[in-house]
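Everything on this sheet refers to the single structure shown next.
One is the number of the first residue; the rest follow in order along the sequence. In each ligand, atom 1 is the first atom listed, and ligand 1 is the first ligand listed.
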Amino acid sequence: MGMQESTARRLIDPLGRTIDYVRLSVTDKCNLRCTYCMPENNRDFERRERYLTFAEIERVIRAFSELGVRRVRITGGEPLVRAGIPDLASRLAALPGVDDLSLSTNAVLLANQAEALHGAGIGRLNISLDTLRRDRFRQITGNDDLGRVLDGLQVASRTGFEPIKINMLALRGQNDDEFIDMAEFCIEHGFSLRFIETMPMGTAGRAATDHYLPLSDVKAELASRFDLVPSVMSGGGPARYFRIDGSRTNIGFITPISRHFCDTCNRVRLSVDGTLHLCLGQAHSVPLRPLLRAGIDDEELQNVIVEALKLKPARHEFGEKPEQIVRFMSVTGG
Ligand code: SAM
Ligand code: SF4
């Protein structure tokens with residue numbers, strides 16, 4: 001290790017957690033209205049002039065990468081409703097230090113953009129899909145777009161993203177008879193599949209707690225059908241993985257509620273208005289946009305980020321204080 005590297009500043013919070021991952025929300029808007037994420041009549045969107053521009057985003061991510069961040073995920077809202085995401089992606093992929101650029105999308109607009117996104121340097125893709133049934137898709141998301149999502153998936157898998165992970169929220173009474181079907185769909189197409197517990201984010205997330213299902217139930221059901229071999233997957237996230245024996249498909253379980261993973265948290269979030277959120281489930285945050293627009297220099301920007309980490313809470317409190325997070329998931333960048 002060279003002198004310069006050993007003395008380089010790193011983002012380590014007061015609890016010793018190293019932050020090497022930024023989740024970047026490029027919009028709070030969405031072309032769907034998933035019941036657990038965004039209320040149907042939501043009008044409370046950020047004003048356009050308060051969006052970080054691509055140049056501002058690039059500056060902030062450059063500062064993070066100089067502080068040791070290697071992974072960036074573009075998310076939202078639905079990132080693909082903002083124009084020019086392939087352009088942003090190629091700017092971020094070109095930053096020295098950023099070696100893992102990924103995208104979370106609902107895939108409604110993916111078919112037309114998959115190639116450009118892949119060409120821009122996005123390697124890994126997470127696609128949210130809670131059901132393979134058209135009527136349920138309409139019920140859960142408010143739109144009749146399952147066909148477009150499946151087209152998007154098909155184009156993406158031909159385009160060479162590796163891996164493609166399907167994210168499925170386990171929703172009691174809504175999709176709890178489809179876990180095996182979704183696993184078989186993923187085996188057929190060579191996708192990985194991750195199950196996620198519903199979190200009480202915002203009014204929509206709290207309303208969905210009636211549908212909360214602990215993933216131990218999901219795992220038991222899958223284990224009755226498939227041989228699950230403990231496995232690991234790249235991505236730096238909190239999922240615990242198992243490979244379905246005889247297939248390429250990994251199944252991941254993300255259990256923010258039944259078994260939280262805050263002690264290994266490695267990430268922070270940047271919302272569309274340039275607010276740095278230190279925890280998905282807590283209010284601690286630092287607004288960067290006013291500083292950027294007041295002409296802060298690069299060194300000072302790094303200092304602000306290093307200082308901000310001191311605010312990172314030990315853990316979320318979804319269990320104890322489910323009422324406290326008023327932001328929707330689409331604002332912080334789920
Ligand atoms: N629109 C993109 C998508 O759906 O993949 C990216 C943003 S979305 C907010 C990111 C992830 O957050 C999705 O996988 C979604 O299922 C998840 N999500 C939204 N609300 C949630 C909640 N209340 N609890 C758990 N996960 C949630
Ligand atoms: Fe939109 Fe994604 Fe939220 Fe669904 S989960 S409403 S697709 S941001």
Please round to the nearest 0.5 Å and tell me the distance separating atom CG of L150 and atom CG of D145.
10.5 Å
Could you pull out, from N106, T27, T75, D28, the option with a heavy atom nearest to atom 7 (S) of ligand 2?
N106
So the atoms of ligand 1 within less than 4.0 Å of a heavy atom of T198 turn out to be 24 (N), 25 (C)
Enter the distance from Q139:CD to D144:CG here, rounded to the nearest 0.5 Å.
12.0 Å
Polar contact flag for S104 and ligand 1 (N/O pairs, less than 3.5 Å)
no
Atom indices of ligand 2 within 4.0 angstrom of G77 heavy atoms, with elements:
8 (S)
Selection from A170, S128, C30 by shortest heavy-atom distance to atom 13 (C) of ligand 1
S128
Backbone or side-chain N/O/S of C30 under 2.8 Å of atom 1 (Fe) of ligand 2
yes
Only heavy atoms of G76, strictly under 4.0 Å: list the atoms of ligand 1 that pass.
7 (C), 9 (C)
Near M199 (heavy-atom distance under 4.0 Å), the atoms of ligand 1 are 22 (C), 23 (N), 24 (N), 25 (C)
Closest candidate by heavy atom, reference atom 7 (C) of ligand 1, pool A107, P79, G77
G77
Can you establish whether the number of heavy atoms outside R134 located under 6.0 Å from its atom CZ is more than 12?
no
Close approach of S128 to ligand 2, heavy atoms, under 4.0 angstrom:
no
In ligand 2, which numbered atoms sit nearer than 4.0 Å to a non-hydrogen atom of C34?
4 (Fe), 5 (S), 6 (S), 7 (S)
Aromatic rings F185 and H189: how do their planes relate, parallel, tilted or perpendicular, breaks at 30° and 60°?
tilted
Tell me, yes or no, whether the heavy-atom count around E40 atom CD, taken from other residues, nucleotides or ligands under 6.0 Å, exceeds 12.
no
Which value, rounded to the nearest 0.5 Å, describes the distance between R243 atom CZ and D245 atom CG?
5.5 Å
Under 4.0 Å from a heavy atom of E78: give me the atoms of ligand 1 that qualify, with their elements.
1 (N), 2 (C)
Ignoring hydrogens, just give me the one of I140, L80, L169 whose non-hydrogen atom is nearest atom 16 (O) of ligand 1.
L169
Run the side chain to side chain contact (heavy atoms under 4.5 Å, CB included) check on L103 and L80 step by step: do they pass?
CA-CA 10 Å; L103 175 78; L80 300 184; 4.3 Å; yes
Between T75 and ligand 1, does any nitrogen or oxygen pair lie at a separation below 3.5 Å?
no
Any salt bridge between D20 and R267, counting N to O under 4.0 Å?
no
Does M38 have a heavy atom less than 4.0 Å from any atom of ligand 1?
no
Around atom CZ of R138, are there more than 12 heavy atoms from other residues, nucleotides or ligands closer than 6.0 Å?
yes
The atoms of ligand 1 lying under 4.0 Å from a heavy atom of E197, numbered in the order shown, are 25 (C)
How are the rings of H118 and F161 set to each other: parallel, tilted or perpendicular (split at 30° and 60°)?
perpendicular
Identify the heavy atoms of L101 and G121 that sit nearest to each other, and give their distance.
CB-O, 3.8 Å
With heavy atoms only and a cut-off of under 4.0 Å, state how T105 meets ligand 1: side chain, backbone, both or neither.
backbone
